[in-house]
Amino acid sequence: GAGVSQSPRYKVAKRGQDVALRCDPISGHVSLFWYQQALGQGPEFLTYFQNEAQLDKSGLPSDRFFAERPEGSVSTLKIQRTQQEDSAVYLCASSFLGLAGVSRETQYFGPGTRLLVL
Amino acid sequence: KQEVTQIPAALSVPEGENLVLNCSFTDSAIYNLQWFRQDPGKGLTSLLLIQSSQREQTSGRLNASLDKSSGRSTLYIAASQPGDSATYLCAAPYSGAGSYQLTFGKGTKLSVIP
């Protein structure tokens, strides 16, 4: 079956532009995560969804970052008024179980969207 | 807050050599520890997941061990091949509320020379 897919794979934005990054999780996966990976660093947690509910957004770096998963499948991460420090790879991951079991299973990652803000 | 450290940051070995990658974590109250592989321009591929009740997991030429009391995990790669060249990341879930959050190390970049 298909894995996690993300689009676009690459995005160049001028500072101040708004961008939208899309994630298609594995079909039937309840949990969905967004991570941010700066160059030379490990991924850092941004936000977590169980179905359509955003249960944790503690990692979002500012109120310019917004994520949604309205129908419990596809998710979009939106960044408003992009800044140079937003340049990073944005990774989406999904897992089969919900909150009660997700900590005990692996997360399946997509290829990421590489965002460059000029 | 969980902190994860990986040593070394980079490693270059000749083909066929056995090698060990190290991972340490500060909070031992973890559900599990995972090892991932990341190839350039690609996402993360899960290699091994060790549950907190286990001491090691094996998959082919890979063996991962977990010592919660000392806050350490190692990934052993036997008979390395050029195709093993990648960045290897370990991740431990944040303990307590929000335990689904994975905290990653910065990774070890492995180069296997033919």
Side-chain angles (χ1 to χ4, degrees), chain A residues 2-10 21 23-26 29-50 53-60 89-114, chain B residues 1-10 21 23-25 27 29-54 57 59 64 66 73 86-109:
Chain A
V4 178
S5 60
Q6 293 186 244
S7 61
R9 293 293 312 278
Y10 303 93
L21 312 180
C23 171
D24 283 84
I26 295 172
H29 277 199
V30 171
S31 292
L32 185 143
F33 307 82
W34 284 98
Y35 291 84
Q36 180 190 59
Q37 186 175 24
L39 191 64
Q41 304 293 315
E44 293 192 355
F45 171 83
L46 294 178
T47 188
Y48 166 64
F49 288 87
Q50 176 180 253
Q54 187 176 21
L55 300 186
D56 188 344
K57 52 183 180 180
S58 62
L60 296 177
V89 175
Y90 291 85
L91 295 164
C92 175
S94 70
S95 58
F96 180 69
L97 297 177
L99 184 62
V102 65
S103 302
R104 294 175 175 80
E105 60 170 2
T106 194
Q107 297 177 19
Y108 296 88
F109 283 78
T113 294
R114 185 175 298 274
Chain B
K1 178 182 176 183
Q2 182 71 272
E3 294 182 6
V4 178
T5 303
Q6 291 188 247
I7 296 173
L21 307 181
C23 172
S24 61
F25 47 93
D27 189 338
I30 56 174
Y31 283 111
N32 55 60
L33 185 134
Q34 299 182 48
W35 284 92
F36 292 88
R37 168 182 173 142
Q38 187 170 32
D39 293 280
K42 296 187 178 180
L44 279 66
T45 301
S46 180
L47 297 174
L48 291 164
L49 184 154
I50 313 173
Q51 300 290 355
S52 60
S53 58
Q54 299 173 313
Q57 275 279 15
S59 176
L66 175 64
S73 177
T87 296
Y88 290 81
L89 295 156
C90 72
Y94 180 74
S95 65
S99 59
Y100 41 78
Q101 296 182 21
L102 292 180
T103 300
F104 287 84
K106 293 183 179 181
T108 294
K109 186 175 182 179

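A note on names: the letters A, B, ... follow the listed sequences, proteins ahead of strands, and every chain is numbered from 1.
- With chain B as partner, the option from A:Gly42, A:Pro43, A:Gly110 having the largest number of non-hydrogen pairs under 4.5 angstrom is A:Pro43.
- For B:Leu89, the part lying under 4.5 angstrom from a heavy atom of chain A is the side chain only.
- Taking the side chain to side chain contact (heavy atoms under 4.5 Å, CB included) definition, one finds that B:Ser59 meets it with B:Leu48, sequence neighbours left out.
- In terms of heavy atoms, A:Ser58 sits closest to B:Gln101 at OG-NE2, 3.5 Å.
- Of the two parts of B:Gln38, only the side chain, counted from C-beta on, holds a non-hydrogen atom closer than 4.5 Å to a non-hydrogen atom of chain A.
- For the atom pair CZ of B:Phe104 and OH of A:Tyr35, the computed distance is 5.5 Å after rounding to the nearest 0.5 Å.
- Contact detail for B:Lys106 and A:Gly40: the closest heavy-atom pair is CB-O, 4.1 Å.
- Side chain of A:Gln107 to main chain of B:Tyr100: a donor-acceptor pair is present (N/O by atom type, distance under 3.5 Å, no hydrogens or angles).
- To the nearest 0.5 Å, atoms CG (B:Leu47) and OG1 (A:Thr106) are separated by 9.5 Å.
- Of all the listed residues (B:Gln34, B:Lys109, B:Lys42), the one sharing the greatest number of non-hydrogen pairs under 4.5 Å with chain A is B:Gln34.
- In the displayed structure, A:Phe45 atom CZ is contacted under 6.0 Å by more than 12 heavy atoms of other residues, nucleotides or ligands.
- For B:Leu49, the part lying near chain A is the side chain, with the backbone staying farther off; criterion is any non-hydrogen pair under 4.5 Å.
- No other option in A:Glu105, A:Glu44, A:Gln6 has as many heavy-atom pairs under 4.5 Å with chain B as A:Glu105.
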